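Step one of this worksheet: look at the structure below.
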Amino acid sequence: MSSDHQRNDSYDLVVVGGGINGAGIARDAAGRGLRVLLCEQGDLANYTSSASTKLVHGGLRYLEYYEFRLVQKALAEREVLMGIAPHIIWPLRFVMPHVKELRPAWMIRMGLFLYDHLGGRKKLPGSRGLNLQTHYTGKPLKDSLKKGFMYSDCWVQDSRLVVLNCMDVEARGGTVLPRIRCTDAQRSDEHWSVELTDTVSGKTTRVNTRAVINAAGPWVARLLSDAMHRNDDKDVHLVKGSHIVVPRMFDHEASYLFQNDDGRVIFAIPYEQHFTLIGTTDVAYEGNPAEAEASDDEIQYLCDAVNRYFKQGIEPADVVWTYSGVRALYDESDEADVSAVSRDYSLDLDSSAAPLLSVFGGKITTYRTLARQAVDQVAPLLGAPIDDWTGKAALPGGDIPGGDFEHYLERLCAARPWLPQDMAWRLARNYGTRTEQILGEAASLDDLGEHFGADLYEAELRYLAEAEWAMTAEDAIWRRSKLGLMLTPAERERVAAWYAGQNDKRATA
């Protein structure tokens with residue numbers, strides 16, 4: 001994929017920010033026939049959008065804040081997103097042990113009744129009560145926990161969702177430029193002149209565009225002031241959420257939602273076949289969002305939270321990986337508690353000259369509805385149609401017949417009997433039908449090129465470099481995949497050396 005762009009390029013829309021909101025907006029706009037350029041200062045999904053709890057969910061706890069509209073919108077989206085990306089989004093069952101000191105059973109039952117019915121659920125099973133003494137999900141839990149509830153939500157490979165949206169932007173004629181920062185934007189009545197700076201080479205270029213959408217996530221306010229020379233008085237709260245990954249704590253596929261005694265909830269989710277993902281914290285953040293990391297206090301907080309429930313406890317020494325993301329929450333209230341600040345989004349359109357739309361807030365689950373509303377606001381100004389199309393067209397790799405992932409996996413294993421079962425599952429869960437492009441004509445593992453460790457072969461690294469903008473080991477093994485968890489430090493170094501060699505070849509080509 002080329003990031004070459006001409007000095008005099010002219011676009012209908014420049015989208016700044018390659019997280020889920022920017023990627024979704026660019027895809028929607030490109031599909032409506034607009035000439036779109038998306039730029040991102042780092043890798044795609046470099047920051048917040050690769051650091052979520054990786055759930056497509058209604059947000060059960062938001063019901064306590066009376067966020068019924070947000071929950072309804074999010075619940076309805078779960079099944080739409082499963083339909084367009086059945087390879088990277090799949091159902092999960094969650095178990096919530098009941099602790100009567102924290103919330104009464106009637107309140108949980110009422111919340112789950114609303115959760116079952118607010119969003120027009122069709123595919124996902126409804127909620128039910130559990131006897132934790134006899135149900136298999138009660139086995140790893142402390143004996144004092146007698147009763148629980150089970151309900152449905154969905155899992156998503158978050159950073160892959162961003163990349164797949166960007167792949168679709170290019171398939172529809174748009175331009176996607178990772179590692180390109182918007183460093184200046186000059187506005188006139190008719191258009192914007194946008195300066196783009198390559199963060200690798202330092203080269204700058206200018207493009208003209210009829211409109212700009214600022215989807216810079218935690219940098220949304222800074223972009224307005226620094227690059228666009230505007231001093232909008234927007235009350236943006238930066239909130240950090242941290243997660244920990246530990247070796248697998250239970251041997252079934254259900255997940256847990258634990259109530260914490262501070263009113264928050266903590267998830268424990270099966271992760272990458274051999275691990276458990278635990279999160280998240282919710283703390284006010286100041287500083288550079290790119291440098292956010294889990295503090296010792298947050299790691300201890302998450303260990304303590306799950307140790308109240310699991311028989312076998314964990315401590316910070318058990319943690320194999322942590323990650324942190326920073327969200328920009330748009331607060332129209334004077335809420336002191338960051339947990340209570342709305343997770344809904346706000347779109348701010350300034351059409352006094354060439355249009356500028358700024359996106360505040362948002363969450364992965366509602367990215368598609370946010371994108372549609374954003375493009376709907378600028379479409380009439382750019383002569384584009386109002387069109388709700390993104391929930392009907394599969395994302396790359398998601399064109400699995402009938403959305404039946406299990407049947408697709410069976411067919412893959414039958415066609416390639418030499419492929420280890422765990423590897424087939426991982427490839428299909430990350431790439432869907434694009435797995436065929438990675439495997440090509442291979443008739444054995446040896447045909448996939450150099451083996452880097454775990455089940456990583458050169459064919460996959462090459463695909464990521466050529467089709468998914470991966471330029472570094474981190475892009476490939478921590479964002480496009482989570483193979484970094486399975487590789488030794490020496491193996492990770494070898495992957496880094498491979499990408500360095502590819503970049504050298506690209507530079508001399």
Side-chain angles (χ1 to χ4, degrees), residues 1-5 9 11-52 54 81 84-85 87-89 156-182 196 198-200 207 209 212-217 219 359 362 364 367-368 370-372 374-375 389-391 393-399 430-434 437-438 460 463-472 474-476 478-481:
M1 293 201 169
S2 168
S3 63
D4 295 340
H5 45 293
D9 270 352
Y11 297 90
D12 295 315
L13 180 63
V14 167
V15 180
V16 182
I20 191 56
N21 290 336
I25 288 166
R27 177 192 187 224
D28 194 322
R32 299 197 210 188
L34 293 171
R35 289 165 300 164
V36 179
L37 180 147
L38 178 144
C39 65
E40 159 58 45
Q41 64 178 344
D43 180 27
L44 301 173
N46 205 122
Y47 306 109
T48 311
S49 293
S50 58
S52 75
K54 309 184 195 312
L81 297 182
I84 64 172
H87 50 326
I88 62 161
I89 299 174
V156 60
Q157 307 278 40
D158 54 3
S159 47
R160 294 211 54 72
L161 185 65
V162 176
V163 171
L164 297 186
N165 271 272
C166 289
M167 289 169 71
D168 209 40
V169 171
E170 284 219 333
R172 296 173 189 278
T175 302
V176 176
L177 301 177
R179 294 182 168 83
I180 301 288
R181 181 180 285 130
C182 170
L196 302 174
D198 187 314
T199 60
V200 178
V207 298
T209 180
V212 172
I213 292 185
N214 173 5
W219 286 274
V359 178
I364 280 184
Y367 90 89
R368 198 191 62 83
L370 179 155
R372 188 183 76 239
V375 181
W389 69 273
T390 55
L395 286 165
D399 53 341
N430 278 277
Y431 307 107
T433 57
R434 298 289 170 115
Q437 287 184 29
I438 296 172
E460 186 172 356
Y463 170 84
L464 292 173
E466 292 173 357
E468 295 197 3
W469 297 275
M471 285 181 64
T472 69
E474 189 158 310
D475 298 351
W478 291 113
R479 279 185 287 276
R480 305 300 184 281
S481 73

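The model shown is predicted, which means the values in this text are computed figures rather than measured ones. Residue numbers run from 1 in the order of the sequence given.
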Excluding sequence neighbours, so at least two apart, what forms side chain to side chain contact (heavy atoms under 4.5 Å, CB included) with Ala85?
His87, Ile88, Ile89, Leu395
Hey, are the side chains of Val375 and Ile25 touching, using non-hydrogen atoms and a 4.5 Å cut-off?
yes
Would you call Met471 and Asp43 a side-chain contact if the rule is heavy atoms closer than 4.5 Å?
no
Do any N or O atoms from the side chain of Asp158 and from the backbone of Ser52 form a donor-acceptor pair under 3.5 angstrom?
yes
Can you see which heavy atom on Ile84 is nearest to which on Gly391, and at what distance?
CG2-O, 3.3 Å
Supply the atom-to-atom distance Arg434 CZ to Tyr463 OH, rounded to the nearest 0.5 angstrom.
5.5 Å
Any donor-acceptor N/O pair, Asn165 side chain to Leu161 backbone, under 3.5 Å
yes
Mind checking the CG-OG spacing from Asn21 to Ser49? Nearest 0.5 Å is all I need.
6.5 Å
For a quick test of reading the model, state the closest non-hydrogen atom pair linking Val169 to Arg27 and the distance between them.
CG2-N, 3.3 Å
Do the side chains of Val163 and Met167 get nearer than 4.5 Å, heavy atoms only?
yes
Which atom of Ala26 lies closest to which atom of Val36, heavy atoms considered
CB-CG1, 3.8 Å
Considering only NZ, NE, NH1 and NH2 on the basic side and carboxylate oxygens on the acidic side, decide whether Glu460 and Arg480 come within less than 4.0 Å.
no
Can you tell me how far apart CD1 (Ile213) and CG (Leu13) are? Round to the nearest 0.5 Å.
4.5 Å
Residue among Leu177, Val176, Val14 satisfying side-chain contact (heavy atoms from CB on, under 4.5 Å) with Leu38
Val176
Please report the C-alpha distance between Asp399 and Thr433 in whole Å, then the side-chain angles of each, then the deciding distance to 0.1 Å, and finally whether the side-chain hydrogen bond (donor to acceptor under 3.5 Å, both in side chains) criterion is met.
CA-CA 7 Å; Asp399 53 341; Thr433 57; 2.5 Å; yes
d(Lys54 NZ, Ile364 CD1) to nearest 0.5 Å is 7.5 Å
In this structure, CG of Leu196 is separated from CD1 of Ile180 (nearest 0.5 Å) by 6.5 Å
Val162 and Gly18: which non-hydrogen atoms are nearest, and at how many Å?
CG1-O, 3.4 Å
Could you check if a side-chain atom of Arg179 sits within less than 4.5 angstrom of a side-chain atom of Thr472, using non-hydrogen atoms only?
yes
Does Arg172 use its side chain to pair, donor to acceptor, with the backbone of Gly31 at less than 3.5 Å?
no
Any Leu464 side-chain heavy atom under 4.5 Å of Tyr431 side chain
yes
Could you pull out all residues at least two apart from Arg32 that satisfy salt bridge (charged side-chain N to carboxylate O under 4.0 Å, His left out)?
Asp28, Asp376
Considering only heavy atoms from C-beta outward, does the side chain of Thr209 approach that of Leu37 to under 4.5 Å?
no
Can you sort out the partners of Asn214 under side chain to side chain donor-acceptor pair (under 3.5 Å), two or more places apart, ordered by chain and number?
none
To the nearest 0.5 Å, atom CD of Glu468 lies from atom CG of Asp475 at 10.5 Å
Under 3.5 Å, side chain of Ser159 to main-chain N/O of Arg479, donor-acceptor pair present?
yes
Within-4.5 Å side-chain heavy-atom neighbours: Glu40 and Trp469:
no
